[in-house]
2 protein chains.
Amino acid sequence: MVMQRRSSAITIKEVAAAAKVSTATVSRAFAGMDCVNPQLRQHVLGVASSLNYQPNRVARSLRSRTSNTIGLLIPDIDNHFFTGAVRGIESVLNAADYTMLLGHSNDDPKRERNYLSTLRAEGVAGIIFCPNKANHNYYLELQRDGLPMVCIAREISGFEVDTVTVANKQGGYMATKHLLGLGHNRIAIITGPQEVSNARERLEGYRQALQEAGIPEIPFYIQQADYRQQQAHLATLKLLDHPAPPTAIFVTNEVMTLGTLEALKERQVKIPSEMALVGFDDPAWMKILSPGITVVKHPSNRLGAQAAELLLQNLKKPKTGFRQFVMETELIIRGSCGVISS
Amino acid sequence: MVMQRRSSAITIKEVAAAAKVSTATVSRAFAGMDCVNPQLRQHVLGVASSLNYQPNRVARSLRSRTSNTIGLLIPDIDNHFFTGAVRGIESVLNAADYTMLLGHSNDDPKRERNYLSTLRAEGVAGIIFCPNKANHNYYLELQRDGLPMVCIAREISGFEVDTVTVANKQGGYMATKHLLGLGHNRIAIITGPQEVSNARERLEGYRQALQEAGIPEIPFYIQQADYRQQQAHLATLKLLDHPAPPTAIFVTNEVMTLGTLEALKERQVKIPSEMALVGFDDPAWMKILSPGITVVKHPSNRLGAQAAELLLQNLKKPKTGFRQFVMETELIIRGSCGVISS
DNA sequence: GTGAAAGCGCTAACAA
DNA sequence: TTGTTAGCGCTTTCAC
């Protein structure tokens, strides 16, 4: 394979020569070390900028065994929640002069592992990712190696790491409580995969609300799905076909809400008169439907920013213990449950 | 700033020692060079894998002046079109053992330039991006430096580079023609920023369709916007407030369609009876509205894949001239123009 | 406060 | 076919 070779950029050597100092001094000037004479520093920086010099990050990374790149791994780039998190992460990282290396795994453990190993080989300073139970052991290995990491959105038991999640249980609770408050007592839920912590927690919230209201759980109303559109579509159809269909459905993520809406439309079920609906997550399209969809909103941006900040802190000082942040959720009431006709 | 130092991973030296060969042989075995004895290669690879060796990409990149990372810069990560392209790019890149470094610029030239310069300092093998007129000179500089690149979605005049775009004019033409065919003759368009080629082309398609139909252009019906939600919202309101409002609106991207729908909902304008609508780009939510939105669909996935393939080719052989690919668009007819009641 | 020199892990001449 | 050796551009001891 013939590789193209780029015309070489300006190096530290040339800057040193032009400024009549050693490369060490140039390096120090750029690192902002205070052991270098302020005047000299100005001079060096001036020469460097006039030469259009930009330190080679690859060389720096090799020598110093650190880099300004962090790895980011998300399960789904088409999920508003994750792109929101990416934005939050990126804004913090950018401000700190870090770059991110982004991959998405489609929640496929093999792909994820692959990516993780590549990221490590790339010498990233740390990683932010959404853990998958199947790779638990690999995470531990990376952790033992001292790779700084922060997990977002999910947690897996037995893996002690800095984590930023969402108040999922609270969200599930609020959604269900809201429906109960409107008089619904046949409330179904379409859950995510139960090996994922946030899916379990959202379900827990639902259960707690029902229990507090003294409403017995109907197993059939708890439809297990996988956070994807198609299974939610199917689950909705099943619910509709039941002899005693629910009067309300709580769909536990954005993409599945699409599937449920699709099924409802297909069967011409009116919202909210024939079916009330609460979603989870709040992409822009939720409010332009008629009626707008009532949702549990979680601050993906802030979650991402928080995760990035945690990671940056981890890069600076050796870790002691691990921290867990939980972002609050919020119920955005629109017309899909019959309160407001919008 | 105290940087954390990772416990060093296995290096080529240790593999060489364990396999009782030189580092060069290990390197060659990994590079798949056929000058190495097949048996020896097997042996080396075996030892390496038993040691859990993974070549350090940073060192490789520094030494060989090439890398397996490519940079990707998009204007908006919340735009379905770009995330689709990212997926397409990533799948091709992954298969070729490349990683991508993703940034998004918010279409801010300064941020874009910043990113570009970081990517270069990171030693990426090439870049895929969506060019912005304001950075024209910088692109030329990068090109002169020999950095392989491919542009997607837009083109800027005077910048000769491999490009993959969409048949925007055709799309605009089809959309307008479709509306004309249904008897509409007061058709408005909400355009993107005219300094962006695809926005100009979509408008051209609209114009051509009107012209062919012998319908004179009404300047007020051509609302200039910026591809963002808010301006589309405003533009829609303006159109509605006009003494002779249009009977149909062609909104030229996904995000603006959201803005238009929002405005229409706010004013309680019925689709399609009081206003017909055609959008551009086809995220999942377009079809779950009632009625579903008729759109011009463009294959963002394939566009991305094509771009990635072009780039990979550029990495292999020195370039001669430049190539331009144009992906076909397709009209997806739903109920928003009054043909099908869905 | 500054410079000289070693070396990060790898690849690529050049030798053998 | 394989090994030896130099060096990619930078940071970082260790001298001065």
Side-chain angles (χ1 to χ4, degrees), chain A residues 1-45 48 51-69 120-123 125, chain B residues 1-45 48 51-69 120-123 125:
Chain A
M1 187 155 57
V2 182
M3 288 288 186
Q4 203 165 26
R5 196 148 295 203
R6 212 163 310 139
S7 83
S8 51
I10 280 286
T11 74
I12 201 173
K13 238 179 181 167
E14 304 169 68
V15 176
K20 297 194 193 308
V21 294
S22 72
T23 60
T25 302
V26 180
S27 175
R28 288 180 187 122
F30 266 85
M33 298 175 73
D34 28 283
C35 68
V36 54
N37 182 311
Q39 282 191 359
L40 224 199
R41 173 213 255 70
Q42 282 306 354
H43 171 63
V44 169
L45 260 31
L51 251 48
N52 231 318
Y53 169 70
Q54 263 241 321
N56 179 322
R57 289 188 179 223
V58 175
R60 171 183 289 180
S61 169
L62 177 60
R63 175 63 237 238
S64 64
R65 301 165 112 0
T66 66
S67 89
N68 281 282
T69 305
R120 184 160 65 156
E122 286 289 352
Chain B
M1 186 155 57
V2 182
M3 287 289 187
Q4 201 165 28
R5 198 149 294 203
R6 212 163 310 139
S7 82
S8 51
I10 274 290
T11 74
I12 201 172
K13 239 178 180 167
E14 303 168 69
V15 176
K20 299 193 193 307
V21 294
S22 72
T23 60
T25 302
V26 179
S27 175
R28 288 181 188 121
F30 266 85
M33 298 175 72
D34 28 283
C35 66
V36 53
N37 182 311
Q39 282 191 0
L40 224 198
R41 172 213 256 71
Q42 283 306 354
H43 171 63
V44 170
L45 258 32
L51 251 48
N52 232 317
Y53 169 70
Q54 263 241 322
N56 179 322
R57 289 188 179 222
V58 175
R60 173 183 286 182
S61 168
L62 177 60
R63 174 63 238 234
S64 64
R65 302 164 114 356
T66 67
S67 91
N68 280 282
T69 305
R120 183 160 66 156
E122 268 323 325

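Values below: every heavy atom of this structure, side chains too, minus hydrogens, waters and symmetry copies. A note on names: the letters A, B, ... follow the listed sequences, proteins ahead of strands, and every chain is numbered from 1.
B:Arg28 contributes a side-chain N or O that forms a donor-acceptor pair with the base of D:dG3 under 3.5 Å.
Of the candidates C:dT2, D:dT12, D:dG9, D:dG9 carries the atom nearest the A:Asn56 side chain, counting heavy atoms from C-beta on. Proximity note for B:Asn37 (side chain, C-beta onward) versus D:dT1, D:dC10, C:dG3: the nearest is D:dT1. Residue A:Arg63 has its side chain nearest to D:dC10 when only D:dG3, D:dC10, D:dT2 are considered. Nearest nucleotide to the side chain of B:Ala24, out of C:dG9, C:dA12, D:dT11: C:dA12. Comparing atom distances between the A:Arg65 side chain and each of D:dG9, C:dT11, C:dC8 picks out C:dC8 as nearest. The B:Thr11 side chain lies nearest to C:dC10 when the options are C:dC10, C:dT2, D:dT2. Considering only the side chain of B:Cys35, D:dT2 comes nearest among C:dA4, D:dT2, D:dG9.
Taking atom CD1 on B:Ile12 and atom P on C:dC10, their separation rounds to 5 Å, with Å as the unit. Here the P atom of nucleotide C:dT2 and the CD atom of A:Gln39 are 10 Å apart, to the nearest Å. Going from atom CE of A:Met33 over to atom C1' of D:dC10 covers 14 Å, rounded to whole Å. The nearest whole Å value for the distance from the CG atom in B:Asn68 to the P atom in C:dC10 is 14 Å. One atom, CZ of A:Arg60, and another, C1' of C:dC10, lie 20 Å apart when rounded to the nearest Å. Summarising the geometry, the separation between CG on A:Asp34 and C1' on C:dT2 is reported as 15 Å, rounded to the nearest angstrom. Atom CG in B:Leu40 sits roughly 7 Å away from atom P in D:dG3 (whole-Å rounding). One interatomic measurement links the two molecules: CD of A:Glu14 to P of D:dC8, which rounds to 11 Å at whole-angstrom precision.
The two residues B:Arg28 and B:Cys35 come nearest to each other via the heavy atoms CD-SG, 3.9 Å. Closest non-hydrogen pair, B:Val58 versus A:Leu62, comes out as CG1-N, 3.6 Å. Counting all heavy atoms, side chain and backbone alike, A:Ser67 lies closest to A:Ala125 at O-CB, 3.2 Å. Here the closest non-hydrogen pair linking B:Thr11 and B:Tyr53 is C-CE1, 3.6 Å. Minimum interatomic distance between A:Ala29 and A:Val44 (heavy atoms only, all atoms of both residues): CB-CG1, 3.9 Å. In plain terms, the two heavy atoms of A:Ser22 and A:Ala16 that are nearest each other are C-CB, 3.7 Å.
The closest side-chain heavy-atom distance from B:Thr69 to B:Glu122 is not below 4.5 Å. Contact check for B:Val36 versus B:Thr25: side-chain heavy atoms found under the 4.5 Å cut-off.
Both B:Val36 and B:Ala59 lie close to DNA chain D; mapped to their nearest nucleotides by heavy-atom distance, the more 5′-ward contact belongs to B:Val36. Across the interface with DNA chain D, nearest-nucleotide mapping of B:Ser22 and A:Arg57 shows B:Ser22 to be the residue nearer the 5′ end.
Nucleic acid contact for A:Phe30: none, since no nucleic acid atom lies under 4.0 Å from a heavy atom of the residue. Among the atoms of the strands shown, only primed sugar atoms or phosphate atoms (P, OP1, OP2) are found under 4.0 Å from some heavy atom of B:Val21.
Dashed line: the shortest gap from a side-chain N or O of A:Thr25 to OP1 or OP2 of C:dG3 is under 4.0 Å. Dashed line: the shortest gap from a side-chain N or O of A:Ser27 to OP1 or OP2 of D:dT11 is under 4.0 Å.
The overall bend of the helix from C:dG1-D:dC16 to C:dA16-D:dT1, read as the angle between its terminal helix axes built from five base pairs each, is 40° when rounded to 10 degrees.
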